[in-house]
> 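Okay, handing you the structure first.
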Amino acid sequence: MLPRDFTEEQQMFRSAYRKFLEQEVVPNIDTWREQGIVDREMFKKAGDQGFLMVWPDEQYGGMGDRDFRFEQIIIEETANVYGGDWANTLHSRLVAPYIDRFGSDEQKARFLPRCVSGEIILAVAMTEPDAGSDLAGMRAVAKDMGDHWLLSGNKTYITNGINSDLVIVAAKTDPENNPHAMGLFLVERGMEGFERGRNLKKMGMKAQDTAELFFNEVRVPKENVLGDPSLGFLYLMEGLAEERLIGACGFLSGAQKAFEVTREFCMQRKVFGKPLSKMQNTQFKMAELRTEIDVAQAYVDQCVAVHNRGALTAEDAAKAKLYTSELLCRMVDEGVQLHGGAGYMDEYPISRMYCDARITRIFAGTSEIMKLIIAREVFAENFVEFVDRA
Amino acid sequence: MLPRDFTEEQQMFRSAYRKFLEQEVVPNIDTWREQGIVDREMFKKAGDQGFLMVWPDEQYGGMGDRDFRFEQIIIEETANVYGGDWANTLHSRLVAPYIDRFGSDEQKARFLPRCVSGEIILAVAMTEPDAGSDLAGMRAVAKDMGDHWLLSGNKTYITNGINSDLVIVAAKTDPENNPHAMGLFLVERGMEGFERGRNLKKMGMKAQDTAELFFNEVRVPKENVLGDPSLGFLYLMEGLAEERLIGACGFLSGAQKAFEVTREFCMQRKVFGKPLSKMQNTQFKMAELRTEIDVAQAYVDQCVAVHNRGALTAEDAAKAKLYTSELLCRMVDEGVQLHGGAGYMDEYPISRMYCDARITRIFAGTSEIMKLIIAREVFAENFVEFVDRA
Amino acid sequence: MHATYSPEERLFQDQVRSFLRNNFNAELAARIREPETFKAATIEWQKKRFAKGWVAPGWPVEYGGCAWTDTQKYIFDGALAEAEAPDVPPFGLKMVGPVIYTFGNEEQKARFLPGILNGDTWWCQGYSEPGAGSDLVALQTRAERDGDDYIINGTKIWTTYAQHADWIFALVRTDTTAKPQQGISFLLIDMRSSGVSVAPITSIDGEHHLNEVRFDNVRVPVANRIGEENKGWTYAKALLTHERTALSGIAYCKQVLNTVRRLAADENDDGQALLASPTLQARMADIEMELMALEYTELRVLAAVAKGGAPGMESSLLKLKGTELQQAVQSLQFDVAGLYGSVLPSTGLAMGHDYGDRARREYMFGRACTIYGGSNEVQKNIIAKFGLGL
Amino acid sequence: MHATYSPEERLFQDQVRSFLRNNFNAELAARIREPETFKAATIEWQKKRFAKGWVAPGWPVEYGGCAWTDTQKYIFDGALAEAEAPDVPPFGLKMVGPVIYTFGNEEQKARFLPGILNGDTWWCQGYSEPGAGSDLVALQTRAERDGDDYIINGTKIWTTYAQHADWIFALVRTDTTAKPQQGISFLLIDMRSSGVSVAPITSIDGEHHLNEVRFDNVRVPVANRIGEENKGWTYAKALLTHERTALSGIAYCKQVLNTVRRLAADENDDGQALLASPTLQARMADIEMELMALEYTELRVLAAVAKGGAPGMESSLLKLKGTELQQAVQSLQFDVAGLYGSVLPSTGLAMGHDYGDRARREYMFGRACTIYGGSNEVQKNIIAKFGLGL
């Protein structure tokens, strides 16, 4: 396994965060899974110890270090204790950056400190019941009422849907004249007309609260609009490379963990008098997967390094998302198969990983969509040959 | 496509070497292929311009820079002009390092300068007609005659077999008492009893001279023994990681090039009135391959960086060899399929690449052997979990 | 094939379709799918087929079979698939029934066959044991003779629908001194016997299909033993090869494909029917093709069995390919359901598609099919050993 | 299946085996393999089968068929595979012959069928054209009426063994104003006609099987047209579906598997027979299994055709799966040959294995099979469109 590249400070951060997870997450994760939601204090605890959001500037309570490897460490360590259904990364690195990128100084000062401390929990609401992930088909609408906007629409599959205190809601702002005009609205807990549906039960990620949200003529003050209310579509696009990279880090951590639990099982389990790990079929399958996982890790780490320089393209991130989600599914599938009957029982972690994995090839852009994005790069006129890429 | 990492000096080296190839290799490669051998002057020309061996110390005529990226550049640029059957890398980075690692100062002074200049062409002779790559089954024997060794045996599939002036020959030195005792002998052109068979025709790499070599009681002076004449087996093992890495760089360059010629073809060729590149099947297949190639490039580049620090393990190199050779074969296979009938014609480069590719999964350790090596690491007691690998 | 039906065969097809129209509908299908109503609805459906005399097409006529030709069976299965109607439960009709009429005595036939046919008796299978997996010869459950009874002690695992069962057919060890395969007997055990307890196993889909069945000094009359003492393995083996044939699940795959086709024609993606996607079409074509090839194979095997042959290697083939195909259609179905597949239904969603739940459940449950009934790795060993003599 | 042969069928099997023992041997097989002796030896072999009356099992009896049952055909093919005997060339017997006896007039039948049966006339196929690939409706070769003749101008490509052929059956455009598929006629053209020229194409294996055939004002009597003018596409289509059925190559695959098994039992690897490798066993089991499934399918399709049906989607299925399997066995054979497969034989090696060359040649040549006869992508389109109505 190739050595990786983290700074000494990051290594220390890793150890400290690992201890934190052992104390706060490991004892509770089963309870959260049963209740279908993580206790909201969890965000506060992580915030208090500086583990929730590393990147915000010190004036907002963060460390001000935007090195993506901190996020990578958080994702890896969380996956390592099967804590992937705590949606901390969604809060800190998928949603909060919208405020950072497009929010005014006033908005940052108003919200970011409480996001960093974990007092405010974040969600983003794009998907709608009938439109799926198809932003063009969106029906939610916000009407400019002079001093405020009137927001109406239904959103679904919203992670942190129940826990969230601040939801970034996408809605069309000029549906008649310009169907691409879309705004991002900061809707706060308690605003009139903002209702939540029940917590949806899911096949995987069971501790993650996923809900339907209803917006019925919600009065959103103008100071709660993020940036230009006609450019929301562009804003959402801008974050895509990072979102896919976050996904890739998570999926690959999942594959790593699934590999390790399968490896353990193969060394202990005996079949026809021999440990499973001594069977040639097991050795070949595990060697193939080990190779693919190691190769993927080099790619993802390289993407992280490039992203730290601000140079990660949407296409390269799409490759990372495609490769790692497909690899994760292959890994958990083979993991269940090598576990035999045990892999089919809820009490073995591999069975839960199997349930969590399948949807990764579907959400945040299906594998088919990733391929179309990559194909555009492949058949572009400005394609660069490999010897000229150095 | 992720940016890569080369120094400015290396970039300049790349441009200069590319010009050299265009002048010296491109106009001649078809002739060499027909005659089944590269003109031996090619080595001399490359040596004269400093492109043959970069790593040897300045006292021997090299640049003294052991950064493996120079080799990577040589391999990539050579592949880019379909020059892979000129066995320059075998000479400079597979065989010459034995002299560097295990040779005496006297031997280095005697041979290395002429290796760097291209006056001496190198080969290594291990494989035997019946034993294949199975070193334990080797039959070649060297008998200690006091002031010299008497070497007898047949070797086969020796690349540079016809052109070579100095051949490192592996032979058992104590077959009765210690079947593992093996020596490496420096056999020079013209030594009595050293004969060459005919140049073998091959299905791929047609410009590479591959021959059978016969050693019939060759008197090898003691000063032509490399290191300890009982430790040759260990010596051969020591170079394995680097050999596999060299292979991986070459296979991946081949896959890159095959991708590019296929891409060009798909953009030009029309089927049922539409360019092939507009068909969804083409887009999906090419996107999958692009992803795998980019992911593999990150891994191989990472292996190179680790190797430069002297830390590349045999297992990680095995993963690189396994992954890139399998990927190359998938790439050329899909390349031929997308070329349709044209891909089947000798005049299209993809057909030659297809022929060259298949053997890469077999030589220098088959894919099956790579998997067993990797499986040993997977099921070792000292396996390190991924979060602890940072 | 359809083009070759004779007028009589077409008439038969009409009769079957009309029977299905009158006796099976979406409401019944829904009740069979829901865990709460599954048992009652399944028996209701079996009784309808029984009343028509169409419950056991594969049985000899004297015991209640249909005397159908291969083509008629093919027509019947095809019509079931068209109507998306499930087959009857296999435990009685396809598993223990054939053992009883082949190896049982007259009294046993008279006592058990009627309940199997009319659905009054629900059977389950007691083969696998904790730790033994597919390795039946390692079984530990012991039966000690005590007068006219056996006293049974031990545990069975992975027992599908034991919670519904009236009877279990089980393998027990009656001679601990014999070779592992020879001291086994085949017993029919009343689940209401004192000392039988059933513990649920929650499986990967979060549902309760599987159980652990414990026998704690359970008394079973010797009269409930099939055939001779210590010959149970012979009877089980004969059953196993038939079971594997039954496991191919071709009719089920066709049914799912029908559903997918119907729904994908209705569903829109980006403005056009999902079914218009070339990728989806290619996947469906691939599966349809494999399915057709497997179906023909199954028909051949059944024809050979009908002539008195025992399915050998072919039954492994059917199990192996059949289960791979089941997983392929389930995966396809899941992808078509998309995001809707990941949300559990028990929350009473008002939105999303009603088949998302089916897709999720079948995908999860189907993960086991390459493991149970002798894992696919075991099947490959069987093919290599007995089929190819390797 | 073997268990179910009747005594008559066993007797027939004995007769076939005895015929093969007396008429086919390794020496003849070797001559058929070598390019220099291929044609003469192939005709010799066809004449032996013709003398026995066993040259055209699939033809109607009145034209020289064998009146065999499906089982007899199966037995015959099986015996050919056992003896590693190739089938007779398909161009006359499987391609143009059926078109002539189905659509030709009495005079054409009397003139051409005898030479096709006894091997005196060697046929080749003139369908594909440069740039048109598998897209037959785009064909450009024109036939202009001049009295009782047509004047032909145009070029055909990929014409297998045109260098040996006495006659070519070709599609030509007789009406340039009609829809692309409607203005085509089916002509039989004497290769010795003035204006016919043949240029060799060197293919991927470095051999000469393929050709470009040019027609430069070639005169062809109208009497050599099959059926009606402008209806050629109808006849060709009927032939194409039959051709695809013939392309499945099951007998060939069985033959290769037999060879591989025989050789892998002899060859040692690391001290034990190659055949003992679990990997090799698993690969063989996989292929054998697929092959069996495909064989049953082919038998079904043939039975349906015998009853008067035309193979539709099924013929695409057979072509698709059959060619995939051909490549799988060729790849297996290549791996078993290992390094020996990469050296060409024409250098008259004294060492290595005699089957290395066969492995290499067949692997290379076989690369085309997923491309010719309608590429596999085209077959998938056909299945999706006509088989599934997508």
Side-chain angles (χ1 to χ4, degrees), chain A residues 1-6 10-11 14 18 73 76-77 80 253 256-257 259-260 263 266-267 277-278 282-284 286-288 290-299 301-303 306 311-313 315-316 319-320 322-323 368 370-375 377-379 383-387 389-390, chain B residues 1-6 10-11 14 18 73 76-77 80 253 256-257 259-260 263 266-267 277-278 282-284 286-288 290-299 301-303 306 311-313 315-316 319-320 322-323 368 370-375 377-379 383-387 389-390:
Chain A
M1 295 169 285
L2 296 179
R4 302 177 63 198
D5 179 30
F6 293 97
Q10 286 162 350
Q11 301 277 33
R14 188 186 277 278
R18 190 181 297 183
I73 287 169
E76 289 175 359
E77 292 292 330
N80 195 41
S253 300
Q256 291 271 20
K257 187 68 184 175
F259 182 89
E260 289 168 9
R263 176 187 167 272
C266 290
M267 290 182 79
S277 59
K278 301 279 185 207
T282 311
Q283 297 184 342
F284 274 43
M286 290 296 276
E288 286 163 19
R290 185 72 255 156
T291 300
E292 290 186 80
I293 291 171
D294 281 358
V295 169
Q297 189 70 64
Y299 185 74
D301 286 352
Q302 185 64 13
C303 284
V306 171
L312 186 67
T313 65
E315 292 82 8
D316 284 328
K319 290 170 200 163
L322 172 66
Y323 195 92
E368 284 67 30
M370 294 302 111
K371 287 179 197 172
L372 292 176
I373 291 169
I374 297 161
E377 180 198 60
V378 166
F379 293 115
F383 179 88
V384 181
E385 300 200 348
F386 83 103
V387 288
R389 216 182 331 142
Chain B
M1 295 169 285
L2 296 179
R4 302 176 64 197
D5 179 30
F6 293 98
Q10 286 162 353
Q11 302 278 33
R14 187 187 279 277
R18 191 180 295 182
I73 288 169
E76 288 175 0
E77 292 291 331
N80 195 42
S253 300
Q256 293 269 20
K257 187 69 184 174
F259 182 89
E260 289 168 8
R263 174 186 168 275
C266 290
M267 291 183 78
S277 58
K278 301 278 185 208
T282 311
Q283 296 184 342
F284 275 43
M286 290 296 276
E288 286 162 19
R290 184 72 255 156
T291 301
E292 290 187 80
I293 291 172
D294 281 358
V295 169
Q297 189 70 63
Y299 184 74
D301 286 351
Q302 184 65 13
C303 283
V306 171
L312 185 67
T313 65
E315 291 82 8
D316 284 328
K319 290 170 200 163
L322 172 66
Y323 195 91
E368 283 68 30
M370 293 304 111
K371 287 179 195 170
L372 291 176
I373 291 169
I374 297 161
E377 180 198 59
V378 166
F379 293 115
F383 179 89
V384 181
E385 299 199 349
F386 83 103
V387 288
R389 218 184 329 146

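Below, chain A is the first sequence line, B the second, and so on; all start at residue 1.
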> Restricting to non-hydrogen atoms, name the atom on A/Phe379 and the atom on B/Met267 that form the minimum distance, rounded to 0.1 Å.
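In this case the closest contact between A/Phe379 and B/Met267 is O-CE, 3.3 Å.
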
> Under 4.5 Å, counting heavy-atom pairs only, tell me which of B/Thr313, B/Leu372, B/Thr282 racks up the most with chain A.
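Highest number of pairs under 4.5 Å: B/Leu372.
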
> Heavy-atom cut-off 4.5 Å, strictly under: side chain, backbone, both or neither for A/Glu76 against chain B?
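When you check distances to chain B, atoms from both the backbone and side chain of A/Glu76 fall under 4.5 Å.
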
> Thinking salt bridges, do A/Glu288 and B/Lys371 make one under a 4.0 Å N-O criterion?
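Yes, A/Glu288 and B/Lys371 are salt-bridged.
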
> Report yes if some heavy atom in the side chain of A/Val387 is under 4.5 Å from a heavy atom in the side chain of B/Arg18; otherwise report no.
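A side-chain contact under 4.5 Å exists here.
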
> Considering only heavy atoms, which portion of B/Gln283 lies under 4.5 Å from any heavy atom of chain A: side chain, backbone, both, or neither?
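For B/Gln283, backbone and side chain are both near chain A.
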
> Given heavy-atom pairs under 4.5 angstrom as the criterion, report whether the side chain, backbone, both or neither of A/Glu368 touches chain B.
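Its backbone and side chain both get close to chain B.
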
> With a 4.5 angstrom heavy-atom cut-off, is it the side chain or the backbone of A/Ile73 that approaches chain B, or both, or neither?
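Neither part.
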
> If I measure from the heavy atoms of chain B, does A/Val295 come under 4.5 Å with its side chain, its backbone, both, or neither?
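Contact with chain B involves both backbone and side-chain atoms of A/Val295.
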
> Is any side-chain heavy atom of A/Arg290 closer than 4.5 Å to one of B/Phe383?
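Yes, close enough: below the 4.5 Å cut-off.
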
> Checking heavy atoms, do the side chain of A/Asp294, its backbone, both or neither come under 4.5 Å from chain B?
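Both parts, backbone and side chain.
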
> To the nearest 0.5 angstrom, please state how far the CZ atom of A/Phe259 sits from the CD atom of B/Glu385.
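That separation rounds to 11.0 Å.
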
> Within the structure provided, determine whether A/Ile293 and B/Phe386 are in side-chain contact (heavy-atom separation under 4.5 Å).
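Not in contact.
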
> Based on non-hydrogen pairs under 4.5 Å, which of B/Ala311, B/Ala296, B/Ser253, B/Cys266 is most in contact with chain A?
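Of the candidates given, the most pairs with chain A belong to B/Ser253.
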
> For the candidates B/Gln10, B/Lys257, B/Glu77, which exhibits the highest count of non-hydrogen atom pairs separated by less than 4.5 Å from chain A?
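The option with the most such pairs is B/Glu77.
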
> In Å, rounded to the nearest 0.5 Å, how long is the span from OG1 of A/Thr291 to OH of B/Tyr299?
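Result: 7.0 Å between the selected atoms.
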
> For a quick test of reading the model, state the closest non-hydrogen atom pair linking A/Ala375 to B/Ala287 and the distance between them.
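In this case the closest contact between A/Ala375 and B/Ala287 is N-CB, 4.0 Å.
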
> State, with a plain yes or no, whether a side-chain heavy atom of B/Leu2 is found less than 4.5 Å away from one of A/Arg389.
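No; the side chains remain at least 4.5 Å from each other.
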
> Under 4.5 Å, counting heavy-atom pairs only, tell me which of A/Glu315, A/Gln256, A/Glu292, A/Gln302 racks up the most with chain B.
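The answer is A/Gln256.
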
> Between A/Leu322 and chain B, with a heavy-atom cut-off of 4.5 Å, which part of the residue counts as in contact: side chain, backbone, both or neither?
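Answer is side chain: those atoms of A/Leu322 sit under 4.5 Å from chain B.
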
> Flag the one option from B/Met286, B/Arg263, B/Glu377 with the top tally of heavy-atom pairs under 4.5 Å to chain A.
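The residue among B/Met286, B/Arg263, B/Glu377 with the greatest pair count is B/Arg263.
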
